[in-house]
Amino acid sequence: MKIIMLGAPGAGKGTQAKQIAKEYDIPHVSTGDIFRANMKNGTELGNKAKEYMDAGKLVPDELTISMLLDRISQEDCGKGYVLDGFPRTIPQAESLKEALSKRNEAIDYAIDIEVPDEVIEERMTGRRSCPSCGATYHLVFNPSSREGVCDACGAALVQRADDQPETVKKRLAVYHEQTKPLIDYYEREGVLKCIDGTQKPEDVFAAITEVLK
Ligand code: ADP
Ligand code: ADP
Ligand code: ZN
């Protein structure tokens, strides 16, 4: 099963993608996580991506597309995958479609998690992440049991640099301009499924598993 998660930054794509990956035993492929891992390791790709990410802009397609296509050609992606944060532009979607069609493959579902902008801002500014295992929490909506400490691995939680209020506003504007057109794109492809993302995480997940049946 090949799934794409669509939705604004902070809509809950990562939260849901992690659960989908577990439920269907397919890898969770997050371009944001791959960029952050590269930044942490100081790779050339990481250094290039950092200036865009810190500014709330998209990393250029020429860096992003090859990295993603390379990732999904790895062996663990043979049974499918859930893409989180890719594609974010029409050229990314076109490149993905072209690469898949060469192998007679196609995306099965594009799941759009719908959340209004007002809700997005408080989700992103309250987000806390574990730099060690990648778990995600929210100060109000999904707190860790000990404040500031990851339940899964015990590491100290951090706020992502790009989750500061000013950068959040920029990222939302970038979303509306460059990523939102993908909703119409995948509707035309006949694979779009829309989910109400304002529900509790477990109810969002139940709605997703319902459409994946
Ligand atoms: P969120 O889900 O909160 O938007 P991500 O972790 O998906 O955050 O992305 C963080 C940042 O990484 C983006 O703002 C962008 O700079 C970069 N990024 C991630 N995926 C892509 C992509 N497909 N194309 C371009 N930039 C990307
Ligand atoms: P994305 O990957 O789309 O950027 P995340 O999954 O990281 O979004 O979620 C953004 C923030 O909102 C996180 O702090 C997360 O814990 C919280 N969150 C996710 N889903 C929900 C939900 N359904 N209701 C309330 N908060 C949520
Ligand atoms: Zn952790």
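Just so you know, ligand 1 is whichever comes first in the structure, and atom 1 is the first atom listed for that ligand.
The pair K169-E121 meets the salt-bridge criterion, since a charged nitrogen lies less than 4.0 angstrom from a carboxylate oxygen. The pair R123-D163 fails the salt-bridge criterion, with no side-chain N (NZ, NE, NH1 or NH2) lying under 4.0 Å from an Asp/Glu carboxylate O.
For the pair SG of C150 and SG of C153, the angle whose vertex sits at the Zn ion (ligand 3) is 110° to 10 degrees.
If you check each of K170, R88, M5, M39 against atom 21 (C) of ligand 1, the one with the closest non-hydrogen atom is R88. Summarising the contacts of atom 4 (O) of ligand 2 with P201, G10, A8, S129, the nearest heavy atom is found in G10. If you check each of R160, M67, Q92 against atom 10 (C) of ligand 1, the one with the closest non-hydrogen atom is R160.
Distances shorter than 4.0 angstrom do not occur between any heavy atom of G32 and any atom of ligand 2. Taking 4.0 Å as the cut-off, G7 does not count as a neighbour of ligand 2 on heavy-atom distance.
Listed by number with element, the atoms of ligand 1 under 4.0 angstrom from any heavy atom of T64 are 22 (C), 23 (N), 24 (N), 25 (C). Residue T31 approaches ligand 1 through these ligand atoms, each under 4.0 Å from one of its heavy atoms: 19 (C), 20 (N), 21 (C), 23 (N). Atom numbering of ligand 1 starts at 1 in the shown order; those under 4.0 Å from a heavy atom of K13 are 2 (O). Close approach of ligand 1 to K57 is summarised as follows: ligand atoms under 4.0 Å from at least one heavy atom of the residue are 15 (C), 16 (O). Of all the atoms in ligand 1, the ones that sit under 4.0 Å from a non-hydrogen atom of R36 are 6 (O), 10 (C).
In this structure, the protein non-hydrogen atom closest to atom 26 (N) of ligand 2 is F141 CB, 3.4 Å. Among protein heavy atoms, the minimum distance from atom 1 (P) of ligand 1 is reached at R171 NH2, 3.3 Å. Remark: minimum distance from atom 6 (O) of ligand 2 to any protein heavy atom is reached at T15 OG1, 2.5 Å. For atom 27 (C) of ligand 1, the closest non-hydrogen atom on the protein side is F35 CE1, 3.8 Å. Of the protein's non-hydrogen atoms, M53 CE, 3.3 Å is the one closest to atom 12 (O) of ligand 1. Residue, atom and distance of the protein heavy atom nearest to atom 14 (O) of ligand 2 are Y137 O, 2.7 Å. The protein heavy-atom contact nearest to atom 24 (N) of ligand 2 is R123 NH2, 3.2 Å. Among all non-hydrogen protein atoms, the one lying nearest atom 23 (N) of ligand 1 is G85 O, 2.8 Å.
K2 contributes atom NZ, which lies 5.5 Å from atom OH of Y81 (distance to the nearest 0.5 angstrom).
No side-chain donor-acceptor contact under 3.5 Å links R171 to the backbone of V168. With hydrogens and angles disregarded, a donor-acceptor distance shorter than 3.5 Å links the side chain of K40 to the backbone of P131. Looking only at distances, a side-chain donor or acceptor of K18 sits under 3.5 Å from a matching main-chain atom of G134. Judged by distance alone, with hydrogens and angles left aside, the side-chain atoms of N38 form a donor-acceptor pair with the main-chain N or O of I34 at under 3.5 Å. In this structure, the side chain of Q92 engages the main chain of R88 through a donor-acceptor pair within 3.5 Å.
At a 3.5 angstrom cut-off on N or O pairs, R127 counts as close to ligand 2. Residue A11 places at least one N or O, backbone or side chain, under 3.5 Å from an N or O of ligand 2. Some N or O of G12 is nearer than 3.5 Å to an N or O of ligand 2, by distance alone. Every N/O-N/O distance between G126 and ligand 2 stays at or above 3.5 Å. Taking any N or O of V59, backbone or side chain, at least one lies under 3.5 Å from an N or O belonging to ligand 1. Close N/O approach between G14 and ligand 2 is found [any backbone or side-chain N/O within under 3.5 Å]. Between Q199 and ligand 2, an N or O atom pair is found at a separation short of 3.5 Å.
Residue contacts with ligand 2 for A17 are absent, since no atom lies close enough (heavy atoms, distance under 4.0 Å).
Counting non-hydrogen atoms of other residues, nucleotides and ligands closer than 6.0 Å to CZ of R146 gives a total of 12 or fewer. More than 12 heavy atoms of other residues, nucleotides or ligands sit less than 6.0 Å from atom CD of E202.
Using modelled atom types and a 3.5 Å distance limit, the side chains of D33 and H28 yield no donor-acceptor pair.
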